[in-house]
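Below is one structure; the comments refer to it alone.
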Amino acid sequence: MKSISICNPKSISATIAFALQSLLQFHHQCHPTPLQSHSPNTLLDEFTASCYRKDLPAAMKALSFMQKHQIWADSVTYSELIKCCLARGAIQEAKLVHKHVFSNGYNPKTFLINTLMNMYAKFNLLNEAQELFDEMPERNVVSWTTMIGAFSNAKMNDKAMEFLILMIRNGIRPNMFTYSSVLGSCNGLPILKQIHCSITKAGLESDVYVRSALIGKYSKWGELQNALTTFNEMETSDLIVWNTIIGAFAQNNNGDEALNLFKRMKKSGFMSDQATLTSVLRAVTGMALLELGRQVHVHVLKYNNQDLILGNALLDMYCKCGSMEDARFEFTKMVEKDVISWSTMINGLAQNGFSHEALKMFQTMEASGSKPNYITMVGILFACSHAGLVEKGRFYFEKMESIYGIKPGREHYGCMVDLLGRAGQLNEAVKLIHTMEPGPDVVTWRTLLSACGMHRDTGLAAYAANRVLELDPEDSGTYSLLSNIYANTQRWEDVEKVRKTMRGKNVKKEPGCSWIEVNKEIHAFIVRDDSHPEIEKIMREVNCYVKRLREVGYVHDTSFVLQDVEGEQMEDPLLCHSEKLAIVYGLMVLVKGKTIRIRKNIRICGDCHLFAKLLAKMENRNIVIRDPIRYHHFQGGVCSCGDYW
DNA sequence: GTAGGGTTAG
């Protein structure tokens, strides 16, 4: 036997306890519990001891003797044994126990039947659970709650709701367990509010489980105000409730509030865990704040530098902040990689304009034995589409089901529509849309619309735009796009018609906005908004740069202007595009050599794209712009998108 | 005996 060294006197008792436990385990391994005696009392003692010791083989052996001799233990012991079976995934053994306690001569208590039901539910054997429920003589709140939880986990939402109503009709009052279970099945805001009312009436609102379930559900329906109110009304909270509320804002694209809550959480004395940090990373990622992201990275390192989920979240953060160098570095450092790690990198590379590297990485992934999933294939097709690799894209699309077993979904069709559309094969793209299995959605039509704009096919564009507006009549972007397309072909009457419709429906064009991070502060530039304290100076600088760039061949690309004006007048709106202000501000305040990183809410226009390319060369500065769909890395007069976006 | 939070997509 190994000697045990004791370094810290304080831990002597713990060490002795550990040694005794090890000795006991060692003894059991060498001398499995003998079953020589068949006297009922000894057998029962042996069975009970095995159950509490969680020695499943010994307990099962004793059970078979007990079955033969019709000897019974108490319901608590059987319940312990079933829990042990559940913990070890021993379904067959659990079924034997079930058979035993239901054989003639024994009357299982309600809580034992509940334990059995719960066990079946956790093993996804809902029919078995329901059979027990249907036949049990007495059902208490736990019996009903167990079934509701089982249906909720299986996403059988209607069934869970039906059981809630039935239990109330049967005179059983739901408790906090019932409500936190049933909340998982609230598939609509009205029902959620109704349940919330019942919770309040029952005085169960203060339970942390119920609260986090409520907050989580409000968040799922985008009801952040309700989520926050529910959170703020809470007197006591725990780490999970904090994580829920932070996650709610992070997932609903309100990174700012998520970060505020994170600060509040730390002030309240809570320590972050894996879930907190993943949400915080997601918040940072959504806002593309690289410097802040690096700060959170330090927190991650302190927590656990080998955590797979956090590693994946970090990869995504660096990709979405447009820093592929960091993403690549982190990726190679990861000790463990899963399909999400690979997919994040493949999608990140593709979106950042490194399509060929993305495809290469896919080969490495396959060679490593990792199997692609639905999202990996989205990345592959996206890479093909943005690199103009029509044949390769077709190949993967046509073979993805037979080779990888992945049925093409809307997103894959979307990439193919994009691929064909970009390559000018608009008719092929339309044909594909009409044959797609899941049916086109707003995004599909918007993709086609974008391709029509690229190839100036106004007839098809109008068709696609109308399909988009049928599905989303509030979509200001589509009205603008359609209006742009008409403007490009000098169809001013049609431009006016579109605007009239917009006015009629009171649809406002989303103003362009660009953000830049300077000294951990975010500076926002919004079109026609002069609230930035240095706006006048910035505008003067923009004009200065435009003049200097003209000398090296910069001519305004006016084809993106959404206005019925010509000549000099036309240039003004372009001058105040938010990304130009943000780029120039970056040049003014960031140290020389530092990459200028900008995130914007609408897609970059051709004029700003050219401006950034020429400026990157003239000032010898790297510029990265992230728009809602993809990234542009400007360096030495070229862009990673190859002017193809 | 029954309950709550986090990572990859156009």
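Note on naming: letters A, B, ... go to the chains in the order of the sequence lines (proteins, then strands), and numbering restarts at 1 for each one.
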Using a heavy-atom cut-off of under 4.0 Å over every strand shown, decide if [X] touches base, sugar-phosphate, or nothing.
{"X": "A:T344", "value": "sugar-phosphate"}
{"X": "A:F382", "value": "sugar-phosphate"}
{"X": "A:D338", "value": "nothing"}
{"X": "A:V210", "value": "nothing"}
{"X": "A:D307", "value": "nothing"}
{"X": "A:S279", "value": "sugar-phosphate"}
{"X": "A:V182", "value": "nothing"}

How many Å lie between [atom1] on [X] and [atom2] on [N], as a whole number?
{"X": "A:D316", "N": "B:dA9", "atom1": "CG", "atom2": "P", "value": "5 Å"}
{"X": "A:E411", "N": "B:dT8", "atom1": "CD", "atom2": "P", "value": "14 Å"}
{"X": "A:Y218", "N": "B:dG4", "atom1": "OH", "atom2": "P", "value": "18 Å"}
{"X": "A:F151", "N": "B:dT2", "atom1": "CZ", "atom2": "C1'", "value": "14 Å"}
{"X": "A:N175", "N": "B:dT2", "atom1": "CG", "atom2": "P", "value": "12 Å"}
{"X": "A:I340", "N": "B:dT8", "atom1": "CD1", "atom2": "P", "value": "8 Å"}
{"X": "A:H386", "N": "B:dA9", "atom1": "NE2", "atom2": "C1'", "value": "12 Å"}
{"X": "A:M400", "N": "B:dA9", "atom1": "CE", "atom2": "P", "value": "16 Å"}

If you check the [X] side chain, which of [options] turns out closest?
{"X": "A:K122", "options": "B:dT2, B:dT8, B:dG4", "result": "B:dT2"}
{"X": "A:I375", "options": "B:dA3, B:dT7, B:dT8", "result": "B:dT8"}
{"X": "A:N312", "options": "B:dG4, B:dT2, B:dT7", "result": "B:dT7"}
{"X": "A:T145", "options": "B:dG4, B:dT2, B:dT8", "result": "B:dT2"}
{"X": "A:Q251", "options": "B:dA3, B:dT7, B:dA9", "result": "B:dT7"}
{"X": "A:Y209", "options": "B:dA9, B:dT8, B:dG4", "result": "B:dG4"}

* Salt-bridged, A:E93 to A:R88, with N to O below 4.0 Å? -> no

* Got a salt bridge between A:E470 and A:R467, using NZ or NE/NH1/NH2 to carboxylate O under 4.0 Å? -> yes

May I ask you to evaluate whether [X] reaches the phosphate of [N], defined as a side-chain N or O under 4.0 Å from OP1 or OP2?
{"X": "A:R282", "N": "B:dT8", "value": "yes"}
{"X": "A:K320", "N": "B:dT7", "value": "no"}
{"X": "A:N118", "N": "B:dT2", "value": "yes"}

Is a donor from one side chain sitting under 3.5 angstrom from an acceptor on the other, for [X] and [Y]?
{"X": "A:Y106", "Y": "A:S75", "value": "yes"}
{"X": "A:T229", "Y": "A:N226", "value": "no"}
{"X": "A:S385", "Y": "A:D418", "value": "yes"}
{"X": "A:N118", "Y": "A:T115", "value": "no"}
{"X": "A:E411", "Y": "A:Y374", "value": "yes"}

* **B:dG4 base / A:D207 side chain donor-acceptor hit below 3.5 Å** => no

* Is there a donor and acceptor pair closer than 3.5 Å between the side chain of A:S180 and the base of B:dG4? -> no

* Is the NZ or CZ atom of A:K371 both under 6.0 Å from the centre of the six-membered ring of A:Y404 and within 45° of that ring's axis? -> no

* Indicate, with yes or no, if the rings of A:F231 and A:F249 have centres closer together than 6.0 Å. => no

* Asked: Heavy atom of residues 128-141 of chain A under 4.0 Å from DNA chain B: which residues?
  -> A:N140

